[in-house]
Each structure stands twice: as C-alpha cells, then as structure tokens.
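Heads up, the thing below is written out as structure tokens.
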Amino acid sequence: MSGRWWLCALLWSALSGQARAEDVPSATKDTPPVEEPPALQTVVTGSRKQERLRETPVATEVITRSEIVASGARDASELLSTRPGLVVQQGFAGSGLSMQGLAPEYVLVLVDGERVTGKVDGNIDLSRLSLEDIEQVEIVTGPSSVLYGSDAVAGVVNFITRRAQRTLGADLRAAYGTLGRLDLDATGETRGDAWGLRMSAGLQRRSAYDLDASDIGTTGSSLSGYDLSARGDWRGTGAMSLEGTASYSHRIQRGVDLGAGSAVFDRATRDNTFASRLSPSWRLGENVSLRTDLSYGHYERRYLRDQRNASALDTVEDTRDQQARVGVQLDARPGGGHSLVVGSEYLGEWLLSDRLEGGRGRRGRGSLYAQDSWTLWERLGLVAVRGGRVDVDSQFGVAITPRAALKVEPLKWLTLRGSYGWGYRAPSFQDLLIDFENPSVGYTVRGNPDLKPERSRSFSFNVETRPASDTVVWVGLFQHSLRDMIAASLQSEGDFLRYSYINIARARVRGGELGVRQSLPGRIQVELGYTLTDGTDQDLDRALEGQARHRLTAQATWRHRQWGLEANLRGALTGERPFYPDTNGDGVADSYRASPTVSLDARVAWLMPAGGLQLFVVGSNLTGAGNPADLPIPPRTLQAGVSTRF
C-alpha cells in the first residue's frame, strides 16, 4: 500500500509543483575538433531526461562523436570491444554485448531510447548497428529496470543519433581493405530556423573468412548490405516540438557449415530491419514538460541451409519480429530540490517463426514508472534518487522493480555514487516456445511455456576523482545476485539429444573496475582500465561459462592539429575463460579453459591542408587473435579510405 501512495505523491507533485527549467546544451554537436568539457556534456539514459554528465546521480560513461571517429570502428561491436567492463561475444547469432559479467540477454540495447528489434538466440547483433549516424554512446551500468523494464539487469547501452547542424552540408566516406571489405557512406543535412533534416546511406561488402584451413567450412560469413536513415526535428512558435527518426537496413550473409559425417551445407541469411520513432513534446509551463513516444520496429530473417549433393536436410526458415511502443512521460521540477520523472508505456511484441511451437508468439506489457532526484545539499552535491516501476505482463503478471541511488560531491575533485536496485528479465519467445530439430548434428530443442521471469538484486558503488584538470581516476564495485535463472536442460532421447529450458540456476556475479584517463605532453591522451569479475553458478558450483576473471584495456590518442594528423591505438588483454562443452554427446561436460588473448586495433588519419580531404588507414585485430572454437572473430585486417565534408 505504501508503494502506491508514494507513486501517487510523485504524480501529484509533478502536476502541481513549480520550478525553474534548467537550460542544458544540446547533446548532439557536429563533429568538433575540440570536445566539450565533461561538466557540460549532457546525457539522457541514466534518468531518462536531459542532465549534465557531472550531475547525473547514476554512473554513466559517454563515448563522443570525435572518439567514435578516432577509433576507426565501423560498427557498434568494434567500438565497444575494448571498453572497460564490456565484452563483445562473437557467435553464430552475431556480436552480443556482455556487461559486468552478465550475458548479452541481460543488457538492454537502445537507439534514441527505443529498444532495438530482432533478437537472435537472445542477442542483439551489434554488428548491425552502423556508427555513421551515431552522435554519442551512453553506457549505464547496473540495474535499470526501474526506467526501462525487462532485460535491463546488467545495464543499458543507448546509441544517440546525429541531428542536422549545418544550413546545408554533406559528408562522404569510402574505404576498402583485406577480406574485400568495402564501406561507402554518404550523408546530407539541412537546417532552418526552426527545423532540421539529416539523411544518410551506407553500403557494406565483406568476404567470408576461415580460421581453420583443414576443412572447407567457414568461420565467419560474407556480408553484403546497405542501410538508409533519416532524422528530423521541428520546433513550433508555441510550446510544441517534434522529433522523428526512420531507418532501414538490408543484410545478406553466406557461409559453409559442416554437419555429421561428411555433410556440407551452404548457409545464407537475409535480414531486413525497419525502425521508426515519432516524439512530440510540449512545454506545459516553466517547470513542466510532457513528451509522447510512438515507435515501431520490424525485423525479418530468412535462413537457408542447402545440403550439397543432397536435399534431405535442406531447410528454409522465416522469422518476423515486431514490436510497438506507446509512451507518455512527464518531467517536472516542483521545487524543494526535486526533479521528477513520471511515465507510462505499453509495449507490444509479436513473433512469427518456423522454429516456434504453433508458429507464433505475442504478448503485451503495460508499465508505470516514477523517479525522484532530490538535491538535499547543493553545496555538497548531495542527491538522493528513489524510483519504482510496475510492469503488468500479459503472460507473467506483475513485476515491481524499485531503485535507490545516492550521489555526493564533497570536494570539487571527488564524486561518489552508489545505487541498489531490483531487476528482472522476462523469458524470450525462444525460451518459451522454440520447437527445433537439427538432424544433421543430432539434437532437438524444445521450449518451456511454464518458465518464470528471472529476478535480480544488484548494487554498485563508484568513486571518481579528478586530482588535476587533465586527470580522471575512477574505481567501481558491483554485485548481481540472480534467482530463477533460465538454464538449458539436456536429456538423451535415443540417438538424439534433447535440450530444454528450466528455472533452476542461481548465480552471483561480483567484481570491480579501476581506470584512469590522463593527458600527456605531446597532445597524447591515454586511458587504462582493469576489470575483475567473479561470476559463479551457485547450483553447479562453477565459474560462469565464457567469462574471464581478469581483463585489461588500454587506449591512446594523439592529435597534432597543425599537421592535420591523428592516431588512435586501442587494445585489450583478456584472461583465461572457462567452457563446458559436451563434445561426445554423453551428457557430461568436457570442460577446458581458453588461453588468454590480446587484441589490438589502430587508426591513423591525415587531414590534407587543402580540399578538406582526410586520408586514413585502419588496422583491426593486429595481433591475429581468434580461433574457430571459442573466439571466432575476424582475422587481421587492414583498410584504407578517404572522407570529405562539403
């Protein structure tokens, strides 16, 4: 009962209070040669509203546009692969993101605050997300279900798209390299006094690669695709403003698989993704604003396997994944140091797939959330956050996820943040309804419609120090305790193995992060990070599969503006990782530990004095890390290109 009274009090305060609206700078700038100071950068993910990075009570990492360009990364998976605390996992479903030791299904991926459609095996393939349209990336670690609902257990990664800044402008970029990799990008933009429009198009090509030359199978698929996108904004003479985005991508991938005996399969997938968002907002007063979000996403995949010299095991599978969201959010500053966010949303999901029992799944989820950021002592930067969310799922009933956080800045160079929250993850349609056979390998997979949602309890504590104007040091601790975890259950059925899903597993993941960012003489900036992760499956009493206990990351950037030169070097040292495969099908894990790996990426660019042309060279996986068993990443590649701005 007290929880309901508290939510009602927040709603009443938001509707009746008065406060001064804070003027914050735009979070989207044209690619500038000089970064905004961190104190002036704005973020939206941690509190679902605009706030200055230094003032946010929830620890947030920002990757700016100039850092994206300097990295040489061509998609989201390459950009995040060497960030502290993040691990990009490669698999047949693409590149999934693991955060704070938890698997990709516990990380929520957003674009402009909207869920990305099209999970495959529980993952959002980050390689689908091009970076040409991304202004900045905001990474919030720790439980965020209070604002975003299901899946935001380990954290949230939000890709903020670019908006038009110039009266009339265009950008072109072309690059070509090993593996026949071709990347072409073009953007155009225009801005008036009260409106702006930005459009872009990209083309990608890449050959397949093979890390095991002893057979004709391929480790990684070839790629052929293109993407289109647009973003517009309009501000009326009154209180109304409007933003809208739309994007479409088309990807075809081909590879060769080996089956039981001497069977060889030619594999192909075709993915089409469409996403749209429309967000009108109104300023209801000096201290209150209202925003409505309407979004729709559609993902479809066709998967083909063609057995060479036979047709008995040929398969064609179609999948269509759709989701739509309607949301209303009220932001208010009712005085007394309070900043309120109150919202309601409805999310509908529909999945049609040949792999599902009955061929389809659908569900809806209605939600009410509220969060109050209360500045208790402005001089000390003492801010207390309390929030709660209620989700009503058409399949799983009610889920309540509260969160409390505290930020204090006792000294100008010292900031402390701590938070505690609940999280949950609703079972996917695959967990519930999958009905799939793979006779070429000898196994079947059956879903479990009686699964319960997974629950978590998490806390984090972060210390950020700035002992000098060009030095930042941070330390973080975290722990996640999960129950009712969904785990695979293996049973033998004659000559076949049968996999299903059950709620039995409990896990605890805890660890710490240490990092430093330092500017050095000679226009050099370095960033070093270390992550310790201790993840344990408490039911099986063993370390979580594929998770390294130790990981070091490093990045160095050098710029010489007079010469027009820029260089970036980034890498990661990942420790041993445990794996528990059943290689002989006897139901007993044949465990092993993968050796430590070192990855290294580099980019060098030269801005020519005349003509506005920039020449660049990008090297990926320069150490040649990777193997077909547990690290199927692309081999060493080089790419050269040119970009220009009009």
Side-chain angles (χ1 to χ4, degrees), residues 2-11 13-14 43-51 55-61 99-100 102 105-110 113-115 138-158 291 293 325 327-332 338-347 365-375 383-393 396-407 417-426 453-462 478-483:
S2 60
R4 268 185 284 175
W5 278 112
W6 184 72
L7 289 173
C8 291
L10 287 179
L11 286 167
S13 299
V43 293
V44 297
T45 308
S47 298
R48 211 159 177 169
K49 63 182 179 64
Q50 277 196 341
E51 57 189 352
E55 296 174 358
T56 179
V58 180
T60 303
E61 179 186 359
M99 181 183 292
Q100 289 192 338
L102 292 178
E105 54 262 37
Y106 301 98
V107 179
L108 183 59
V109 180
L110 308 173
E114 300 293 343
R115 290 170 177 260
E138 299 177 7
I139 303 168
V140 178
T141 55
S144 299
S145 291
V146 64
L147 294 177
Y148 296 102
S150 178
D151 306 335
V153 176
V156 176
V157 178
N158 191 8
R291 189 184 77 243
D293 295 310
R325 188 181 77 91
V328 178
Q329 180 173 303
L330 187 72
D331 301 340
H338 291 276
S339 177
L340 301 175
V341 172
V342 181
S344 179
E345 63 183 15
Y346 179 82
L347 177 68
R365 186 180 303 136
S367 310
L368 175 67
Y369 60 89
Q371 181 168 282
D372 174 28
S373 298
W374 184 13
T375 302
V383 180
V385 177
R386 51 183 180 173
R389 180 183 178 106
V390 178
D391 286 278
V392 182
D393 193 289
F396 306 108
V398 178
I400 300 175
T401 49
R403 180 176 70 180
L406 190 70
K407 180 188 80 78
R417 294 180 174 93
S419 67
Y420 173 80
W422 296 7
Y424 88 105
R425 185 181 81 88
E454 299 175 276
R455 309 284 179 166
S456 70
R457 304 288 186 267
S458 307
F459 80 84
S460 63
F461 178 71
N462 301 86
F478 62 86
Q479 177 171 301
H480 303 281
S481 298
L482 297 97
R483 61 183 175 87

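Residues Y148 and L110 approach most closely at CE2-CD1, 3.6 Å, considering heavy atoms. The two residues V341 and S47 make their nearest non-hydrogen contact at CG2-O, 3.7 Å. When all heavy atoms are compared, the tightest approach of P453 to A426 is CB-CA, 4.3 Å. Taking each heavy atom of G149 and D391 in turn, the nearest pair found is CA-OD2, 4.0 Å. Of all non-hydrogen atoms in G46 and Q371, the two that sit nearest each other are O-NE2, 4.2 Å. Listed here is the closest heavy atom pair of S373 and V385: OG-CG2, 3.7 Å.
Residues V107 and L102 form no side-chain contact, since every pair of their non-hydrogen atoms from C-beta on lies 4.5 Å or further apart. Between E114 and D293, the closest side-chain pair of non-hydrogen atoms falls below 4.5 Å. Here the side chains of N158 and V44 are in contact, with some heavy-atom distance below 4.5 Å. Using a 4.5 Å heavy-atom cutoff, the side chains of Q329 and Y369 are in contact. Residues E55 and V383 are not in side-chain contact: their nearest non-hydrogen atoms beyond the backbone lie 4.5 Å or more apart. For the pair R425 and L482, the minimum side-chain heavy-atom distance is 4.5 Å or more.
Without hydrogens or angle criteria, S456 side chain to G423 main chain gives a donor-acceptor distance under 3.5 Å.
S458 pairs by the side-chain hydrogen bond (donor to acceptor under 3.5 Å, both in side chains) definition with H480, not counting sequence neighbours. Every residue two or more places apart in sequence or in another chain was checked for a side-chain hydrogen bond (donor to acceptor under 3.5 Å, both in side chains) with R417, and none qualifies. Checked against side-chain hydrogen bond (donor to acceptor under 3.5 Å, both in side chains), S150 has no partners two or more places apart in sequence or in another chain.
Separating the CG atom in L347 from the CZ atom in R325 is a distance of 8.0 Å, to the nearest 0.5 Å. Atom CZ in R455 sits 9.0 Å away from atom CD1 in I400 (nearest 0.5 Å). From E454, atom CD reaches atom OH of Y424 across 12.0 Å, with rounding to the nearest 0.5 Å. Annotation: the span from D151 atom CG to S144 atom OG amounts to 11.5 Å, rounded to 0.5 Å. Taken to the nearest 0.5 Å, the CG atom of L406 stands 9.5 Å off from the CZ atom of F461. Atom OG1 of T45 is separated from atom CD of Q50 by 11.0 Å, given to the nearest 0.5 angstrom.
With respect to R48 and E345, a salt bridge is recorded, a charged nitrogen being found less than 4.0 Å from a carboxylate O.
Between the side chains of S145 and R389, not a single donor N or O lies within less than 3.5 Å of an accepting N or O. Of the N and O atoms on the side chains of E51 and T56, at least one donor lies less than 3.5 Å from an acceptor on the other residue.
With M99 as the fixed residue, the side chain to side chain contact (heavy atoms under 4.5 Å, CB included) test singles out one of L108, I139, V140: I139.
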